[in-house]
Amino acid sequence: MKEYAFDEIERRQQERWEKAGLFLADDHDDTRPRYYALEMFPYPSGRIHMGHVRNYSIGDVIARYMRMKGFNVLHPMGWDAFGMPAENAAIKHGTHPAKWTYENIEYMRKELKRMGLSYDWKREFATCDPEYYRWEQLFFIEMYEKGLVYRKKSKVNWCETCQTVLANEQVEDGRCWRCKDEVMERELEGWFFRITAYADELLEGSYRLKGWPEKVLTMQRNWIGKSVGAEIDFPLKGHQGNIKVFTTRPDTLFGVTFLSLSPEHPLALELSKGTGQERAIQEFVEQWNRIPATERRMQREKKGVFTGAYVVHPLTGEAIPVFLANFVLMEYGTGAVMAVPAHDQRDFEFARQYGLPIKLVIRPRDKELQAEDMDAAWEGPGVLVNSGQFDGLDSVVAKEAITDELKRLGRGSPKITYRLRDWGISRQRYWGAPIPMIHCPRCGVVAVPRNALPVRLPLDAHLDKRGRSPLPSLEEFYSTKCPKCDGPARRETDTMDTFVESSWYFARFTCANDISSPLDKELAASWLPVDQYVGGIEHAILHLLYARFFTKVLRDLGYLTVDEPFSNLLTQGMVLKDGAKMSKSKGNVVDPDLMIRKYGADTVRLFILFAAPPERDLEWSDRGLEGAYRFLLRVWRLVQGHISYLREAKTDVGALEAASAASSVLRGLRQKTHQTIEKVTGDIGERFHFNTAISAVMELVNQLSDVLNNLGGVEKDITAGIDPWPVIREAVEAVILLLSPMVPHITEELWAELGHDTFICRENWPVADPQIARADTIKLAVQVNGKLRGQIEVACDASEQTVKERAIKEPNVARFVQGKTVKKVIYVPNRLVNLVVR
RNA sequence: GCCGAAGUGGCGGAAUUGGUAGACGCGCUAGAUUCAGGAUCUAGUGGGCUGUAUCGCCCGUGGGAGUUCGAAUCUCCCCUUCGGCACCA
């Protein structure tokens, strides 16, 4: 018997596939429906890890399955190649980020190829290729012209270790998402993408993304954080001007007893002038400034100080004191809030702390409240009281009524506020796409002309030990001429956030080799949106929201015709070892290369698909891996051990039907074969539950082994002259075909061994015959008062009457029914009979 | 604190629509083979019951209550674990 030489087999099959160009997507074939399967492309960090193996195994099953289902499949791969680790490695090892990156890509490409992933490698690119980022620079300029890019000075999150600005999303718990060092606050001028212009569409669109996990959509909605309310002006008492506040509860306007301003509010110091509160305010603000920005938000205790100033209530004319309060955020709304202690918990705590009045204006429908003995604010709905002309109104209705009144008086207006901030994309790093802008002392900011693109990142730059970008001091780079006035000018030396590259790479894959334009509109339209996107949940907000934003921008720039990039999203769970995420620091990393060398790519793929459904976390198990290997070995021996009979067998309908008519064992095997096809098709095609698909094939293999181990018995069972091998071959072929998307090499090899000269990955997915899959008898459970008391086997088409009679005659059932009256008989066809007795 | 997901044998997990809980795999036990170990094959494997022992009973899906002829699945309360958000006015 031939040995299962997985390494030789896998390499040979991979070579065959490559030579035959099996996985190239056909841009021009319109006879088959198109399907775009995509996995999140990796950062070329050096080597692949188990997370990649899982991600790409899942994606590959989908791609291969859809191909067999007759789709023209696009399944590309590339490299998210800009980023800091390249710079860090360059500094540490005295190499160049480009060299490091391209060498890693070389290595990792080999690793991916060794896994037998069915990619269209002709579309591969790295985002650090000038031929890629040149188009990104073009988009930047076009967005700039449309007002979607702007420059502003802002307080930014600065990571000293990484020497760069971080987006809000890259700050976790006040620390840098990458190096985990504390983030500082800094004022810096930088470039922004106006993602807020799409806030509403991003939010609306989230309700139409039926193929996304609800969890991801919820996270995005929270991130966008839309609040509907009103902006209200409180005129300063005795001064010019007013203080603007944003509130979602205009219905509580009559309950305002003070105003709270952020300590960073521009009016903070000014308000106290001439009130005797100057010192107190000064101290409070100074104290506030001494607290590191990252810790400010963590303070939970409500603290504040009176500014000495008063504003006028816009409807009642009352004087309202103005406070500074440590919980008011400058970056949200207007940096000032109207305080309604009776109906906002924070205001309530603040008021209690400083002995400020609490005025009840919303009375809940089902209970009586007194301002004096409340122990928490009432934030729910109710009926308005103490609210002048609005008394008696429902609080929901009052929101609009009061806003209308304010608008009529010119003291306020409806307002929608978002938590989402514009996307700061400037990075003071070297290894990124240069921002194609020029600063001219005479003309100001000028875009690089389109015909001068790309602005190439100079490769002869020198990185200093501290990791600071060499670009601002590299004259050959920054020194240029103004495209408008031809005078001396300076190039922008910031580079783009690497999330920009990953925001449109999926679109570029549809026309990766187009050298004349960023996106071929027709090709993009023919492939997009991505039918199935697969990746980690850690990108739920960042990458996925940016990609959605970019898709809408590119649509509005005329490049794309779709509104959303990914129709269906599968977020796979993590790979754990000993209950924890694999990491170098924990020392629990399992090296995929090593495992592949030891057991082969098919075994590793099989284990990882079998151990858990894709969306759940997966616990790595060496034993489980061995189990997967053993199973493949069983399949191998099953086929090779009977190879000459199997090769001879002809699976024509006549032979199959004759054999199953002649033998109950063979009839049973055929039935199991077709049931398995049904089950696996559903599990892969509809649920992506590869674990149960595999276990179903295992059951078929078990039954097949039984039959083969007992061939003598089968032959006795058979009418003379009937050949059992067609039925056995049908089962064997089903096993091989059904497993092929998951373990493509061994199945390809066995397919050839059976005498096929076709590629299995080009075969049609098997179709179950429901007639054969259906059993002629069926086992039903019989319950008495809901407890299982027996089992009966009846003909499929048995009448309800027959079934009930059989059930009641079943000895053990009869025992429990004896001496009692049957009150009711519940009959669930194909499932059970339940006798209710008393 | 708020939101979400999860909790099923020794372990990973299955039960797709309220209908025979524990499929499949790992591990374990016994047997066969072997000088031995490993590998392989066969059988068994949720807990309890000397009980009318190839059959049957009781208990059992984090805990408690409920709806139902019937609940791992639905409802309510509680516990634990993981993830996200965390003063967003």
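Proteins come first, then strands; the chains are lettered A, B, ... in the order of their sequence lines, and each starts at number 1.
Separating the CG atom of A/Asn691 from the P atom of B/rU8 is a distance of 16 Å, rounded to the nearest angstrom. Distance A/Tyr418 OH to B/rA89 P: 13 Å, rounded to the nearest Å. The CG-P distance, from A/Leu542 to B/rG84, rounds to 12 Å in whole Å. A/Ile808 has its CD1 atom 14 Å from the C1' atom of B/rC69, to the nearest Å. The distance between atom CD of A/Glu615 and atom P of B/rA14, rounded to the nearest whole Å, is 9 Å. Rounding to whole angstrom units, CZ of residue A/Phe690 and P of B/rA14 are separated by 13 Å. As rounded to whole Å, 10 Å separates atom C1' of B/rG4 from atom CG of A/Asn222. One can place CG of A/Leu609 at 14 Å from P of B/rA14, the figure rounded to the nearest angstrom.
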Protein-nucleotides 52-57 of chain B N/O pairs under 3.5 Å:
residue, atom, partner, partner atom, Å
B/rG56, O3', A/Asn812, ND2, 3.4
B/rC57, OP1, A/Arg789, NH1, 3.0
B/rC57, OP1, A/Asn812, ND2, 3.1

Taking only nitrogen or oxygen atoms into account, show me every contact under 3.5 Å that the protein makes with nucleotides 66-68 of chain B, one pair per line with its distance.
none

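Residue contacts shown for A/Val340 are absent, as no nucleic acid heavy atom lies under 4.0 Å away. Across all strands, A/Asn834 comes closer than 4.0 Å to base atoms (heavy-atom distances). Residue contacts for A/Val337: at a heavy-atom cut-off of 4.0 Å it reaches a base atom on one of the strands shown. Within the 4.0 angstrom heavy-atom criterion, only backbone atoms of the sugar-phosphate kind lie near A/Ser227; the bases stay farther away.
A cation-pi arrangement, defined by a distance under 6.0 Å to the six-membered ring centre and an angle within 45 degrees of its axis, is absent between A/Arg346 and A/Phe327.
Judged as a side chain to side chain donor-acceptor pair (under 3.5 Å), the pairs with a partner in residues 812-827 of chain A (not counting sequence neighbours) are, in order, A/Asn812-A/Arg815.
In this structure, A/Asp706 and A/Tyr332 both approach RNA chain B, and ranking their closest nucleotides by distance from the 5' end singles out A/Asp706. Position along RNA chain B of the nearest nucleotide to A/Glu686 versus A/Val828 favours A/Glu686 as the more 5'-ward residue.
A search for side-chain hydrogen bond (donor to acceptor under 3.5 Å, both in side chains) contacts involving A/Trp288 returns A/Glu264, not counting sequence neighbours. Partners of A/Gln287 according to the side-chain hydrogen bond (donor to acceptor under 3.5 Å, both in side chains) rule, which considers only residues two or more places apart in sequence or in another chain, do not exist here. With sequence neighbours left out, A/His543 forms a side-chain hydrogen bond (donor to acceptor under 3.5 Å, both in side chains) with A/Tyr533. A search for side-chain contact (heavy atoms from CB on, under 4.5 Å) contacts involving A/Lys415 returns A/Glu231, A/Phe246, A/Thr417, not counting sequence neighbours.
Which of B/rG13, B/rU20, B/rA89 sits closest to the side chain of A/Leu329 comes down to B/rA89. The side chain of A/Asn709 sits closest to B/rC41 out of B/rG70, B/rU16, B/rC41. Comparing atom distances between the A/Lys779 side chain and each of B/rU20, B/rG19, B/rA14 picks out B/rU20 as nearest. The nucleotide whose nearest atom lies closest to any side-chain atom of A/Arg346 is, among B/rU16, B/rG13, B/rA89, B/rA89. Side-chain proximity of A/Lys679 to B/rA89, B/rU16, B/rG70: nearest is B/rU16. Of the candidate nucleotides B/rA86, B/rA89, B/rU20, B/rU20 has the atom lying nearest to any side-chain atom of A/Gln791.
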Exercise. So what does the secondary structure string of RNA chain B come out as, 5' to 3', with Watson-Crick or wobble pairs under 3.5 angstrom, [ ] for crossing and | for pairs with another strand?
Worked result: (((((((..(((......[....)))((((((.......))))))((((......))))..(((((..]....))))))))))))....
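By the 6.0 Å contact criterion, NZ on A/Lys598 is open, its count of non-hydrogen atoms from other residues, nucleotides or ligands being 12 or less. Within a 6.0 Å radius of CD in A/Glu379, more than 12 heavy atoms belonging to other residues, nucleotides or ligands are found.
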Which atom pairs, one a donor and one an acceptor, fall under 3.5 Å between side chains of residues 626-635 of chain A and the rest of the protein, sequence neighbours left out?
residue, atom, partner, partner atom, Å
A/Arg634, NH1, A/Asn702, OD1, 2.8
A/Arg634, NH2, A/Asn702, OD1, 3.4
A/Arg634, NH2, A/Ser705, OG, 3.0

Please set out all donor-acceptor pairs under 3.5 angstrom arising from side-chain atoms of residues 328-335 of chain A, sequence neighbours excluded.
residue, atom, partner, partner atom, Å
A/Glu331, OE2, A/Arg297, NH2, 3.0
A/Tyr332, OH, A/Ser227, OG, 3.1
A/Thr334, OG1, A/Lys244, O, 2.7
A/Thr334, OG1, A/Ala336, N, 3.4
A/Thr334, OG1, A/Ala336, O, 3.2

Can you give me every donor-acceptor pair (side chain of residues 680-697 of chain A, partner residue at least two apart or in another chain, under 3.5 Å) with its distance?
residue, atom, partner, partner atom, Å
A/Thr681, OG1, A/Ile677, O, 2.6
A/Thr681, OG1, A/Trp765, NE1, 2.9
A/Asp683, OD1, A/Arg687, NH2, 3.4
A/Asp683, OD2, A/Lys679, NZ, 3.1
A/Asp683, OD2, A/Thr692, OG1, 2.8
A/Asp683, OD2, A/Ala693, N, 3.3
A/His689, NE2, A/Glu615, OE2, 3.4
A/Thr692, OG1, A/His689, O, 3.0
A/Ser695, OG, A/Thr692, O, 3.1

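Contact check, A/Asn785 against B/rG70: no side-chain N or O comes under 4.0 Å of OP1 or OP2.
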For this session: Summarise protein proximity over nucleotides 24-34 of chain B in one line of letters, 5' to 3': B for base, S for sugar-phosphate only, - for none, counting protein heavy atoms closer than 4.0 Å.
Result: BSSS-------
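In this model, no side-chain donor or acceptor of A/Lys787 finds a partner on the base of B/rU20 within 3.5 Å.
Base orientation at B/rU40 is anti, since its O4'-C1' glycosidic dihedral falls outside 90° of 0.
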